[in-house]
K.L.:
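Before we start, here is the structure in question, set down as structure tokens.
Each chain gets a letter, A, B and so on, in the order its sequence line appears, and its residues count up from 1.
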Number of protein chains: 2
Amino acid sequence: MALPLVSRGKDAQAGACCAPIARQPLSEGDATELAVLLKAVADPVRLRLLSMIGSHAGGEACVCDLTDAFELTAPTISHHLKVLRTAGLIDGERRGTWVYYWIVPETVNRLGALFAR
Amino acid sequence: MALPLVSRGKDAQAGACCAPIARQPLSEGDATELAVLLKAVADPVRLRLLSMIGSHAGGEACVCDLTDAFELTAPTISHHLKVLRTAGLIDGERRGTWVYYWIVPETVNRLGALFAR
DNA sequence: CTATCATTTAGACGAACGTCGAACCACTCG
DNA sequence: CGAGTGGTTCGACGTTCGTCTAAATGATAG
């Protein structure tokens, strides 16, 4: 994707003032790609899931740990996890009885790199 | 909102393990509030609008500058601007014939503070 | 005051989304 | 093997979203 780091040379006043998104107009392609990522995260349930997984001891959480925190059915939680996974924000695998998920930091960082100054 | 900064001290590149969102589980209230913000930004057109406004000379752009970059009707652009404005990501005012918009950095920073490490 | 340009509002429509219940798959344990 | 538990897939339903056209509002120039 190569988010353009335009700030070559001096990022004097206008340079370091603001988030990357406010430094140079986003290309149509980058915008489309980033919107997919943001859509995956633009839901209260998925935001909490991501946060719960990321902050869980050992860096991963099994679905059984996640389901109880919501008043939602298992299929719904499973659906949200799939959305996060498809977006590349989390990954997971089955280990015996349970399925574990963990965060993919690279993908999360791409969001941070967009808005952080 | 007071996102907890759990790890103070040295956060050199590898120092800070992860984004705030992965440090502590998001509360339901915070998640809902942040999701509103993220939803506003989770669209390619709005992402580009935000970027174009933020990177425009003088820190503001009039609608006339924005419309031409898209193959969308004026009402559609106006709709997207309203979404961004309602979310508090931009603000604007009419000056004579044209309407100008600018970024609200505080709101953008809240997104940066979520994902940046 | 009317003509005209810039922008927003209103209403409509198809597509995408979040949720559920039911059925299905994967694994473990008698 | 067969029963039971944890998760996912499937199909359906109501809601929200992005877009458009048509019409309304604001502001400037004749």
K.L.:
Please tell me which of V83(B) and V63(A) maps to the more 5' nucleotide of DNA chain D, matching each residue to the nucleotide holding its nearest heavy atom.
P.N.:
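Nearest-nucleotide comparison on DNA chain D picks V63(A).
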K.L.:
Pick base, sugar-phosphate or nothing for L72(B), based on heavy-atom distances below 4.0 Å to the nucleic acid.
P.N.:
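Sugar-phosphate, backbone atoms only, no base.
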K.L.:
Write down the distance between NE2 (H79(A)) and P (dA16(C)), rounded to a whole number of angstrom.
P.N.:
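In whole Å, dA16(C) P lies 14 Å from H79(A) NE2.
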K.L.:
Could you pick out which residue, K39(A) or C64(B), lies toward the 5' side of DNA chain C when each is mapped onto its nearest nucleotide?
P.N.:
C64(B)
K.L.:
Could you check how far NE2 of H80(B) sits from C1' of dC20(D), rounded to whole Å?
P.N.:
12 Å
K.L.:
Give the rounded distance in Å between these two atoms: CH2 of W98(A) and P of dC29(C).
P.N.:
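The distance from CH2 of W98(A) to P of dC29(C) comes to 9 Å, rounded to the nearest Å.
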K.L.:
Please determine whether a side-chain nitrogen or oxygen atom of T73(B) lies at a distance below 4.0 Å from atom OP1 or OP2 of dC20(D).
P.N.:
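Result: yes.
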K.L.:
For D91(A) and R85(A): C-alpha separation, side-chain torsions, deciding distance, then whether side chain to side chain contact (heavy atoms under 4.5 Å, CB included) applies.
P.N.:
CA-CA 6 Å; D91(A) 200 1; R85(A) 188 175 194 168; 3.2 Å; yes
K.L.:
Return whichever of A42(A) or G96(A) has its heavy-atom-nearest nucleotide of DNA chain C closer to the 5' end.
P.N.:
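So the residue in question is A42(A).
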K.L.:
Would you indicate which nucleotide in dG21(C), dG18(D), dT21(D) comes nearest to any side-chain atom of R46(B)?
P.N.:
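Comparing dG21(C), dG18(D), dT21(D) against the side chain of R46(B), the answer is dG18(D).
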K.L.:
Check every atom of dT8(C), dA27(D), dC20(C) against the side chain of R94(B) and return the nucleotide holding the closest atom.
P.N.:
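So the side chain of R94(B) is nearest to dA27(D).
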K.L.:
Nearest whole Å is fine: how far is dA6(C) C1' from L81(B) CG?
P.N.:
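Whole-Å distance recorded here is 13 Å.
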K.L.:
From C-beta outward on V99(A), which listed nucleotide comes closest to its side chain: dT8(D), dT7(C), dC17(C)?
P.N.:
dT8(D)
K.L.:
What heavy-atom pair brings P44(B) and A31(A) nearest, and what distance separates the two atoms?
P.N.:
O-CB, 3.7 Å
K.L.:
Can you find a side chain N or O atom of Y101(B) that sits less than 4.0 Å from OP1 or OP2 on dT8(C)?
P.N.:
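Indeed, a polar side-chain atom of Y101(B) lies that close.
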K.L.:
Indicate, with yes or no, if V63(B) and V83(B) share a hydrophobic cluster defined by side-chain heavy-atom contacts under 4.5 Å among Ile, Leu, Val, Met, Phe, Trp and Tyr.
P.N.:
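Different hydrophobic clusters.
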K.L.:
So, is T97(B) close to the dA6(C) phosphate, meaning a side-chain N or O under 4.0 Å from OP1 or OP2?
P.N.:
no
K.L.:
Counting only side-chain nitrogens and oxygens, does T76(B) get under 4.0 Å of the OP1 or OP2 atom of dT19(D)?
P.N.:
no
K.L.:
What is the distance from CG of L66(A) to C1' of dG6(D), rounded to the nearest Å?
P.N.:
13 Å
K.L.:
Do you know the tightest heavy-atom contact between L89(B) and T107(B)?
P.N.:
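Of all heavy-atom pairs spanning L89(B) and T107(B), the closest is CD2-CG2, 3.7 Å.
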K.L.:
Over how many whole Å does the gap from K82(B) atom NZ to dC17(D) atom C1' extend?
P.N.:
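Spelled out: NZ on K82(B) to C1' on dC17(D) is 15 Å.
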K.L.:
Is a side-chain N or O of S51(A) found less than 3.5 angstrom from the main chain of L47(A), in a donor-acceptor match?
P.N.:
no
K.L.:
Mind calculating the distance between CG (D43(B)) and P (dT16(D)) to the nearest angstrom?
P.N.:
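Between P of dT16(D) and CG of D43(B): 18 Å.
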K.L.:
Of all the nucleotides listed (dT7(C), dC17(D), dA10(C)), which has the minimum atom distance to the side chain of P75(B)?
P.N.:
dA10(C)
K.L.:
What's the CD1-P distance between I77(B) and dT19(D), to the nearest Å?
P.N.:
8 Å
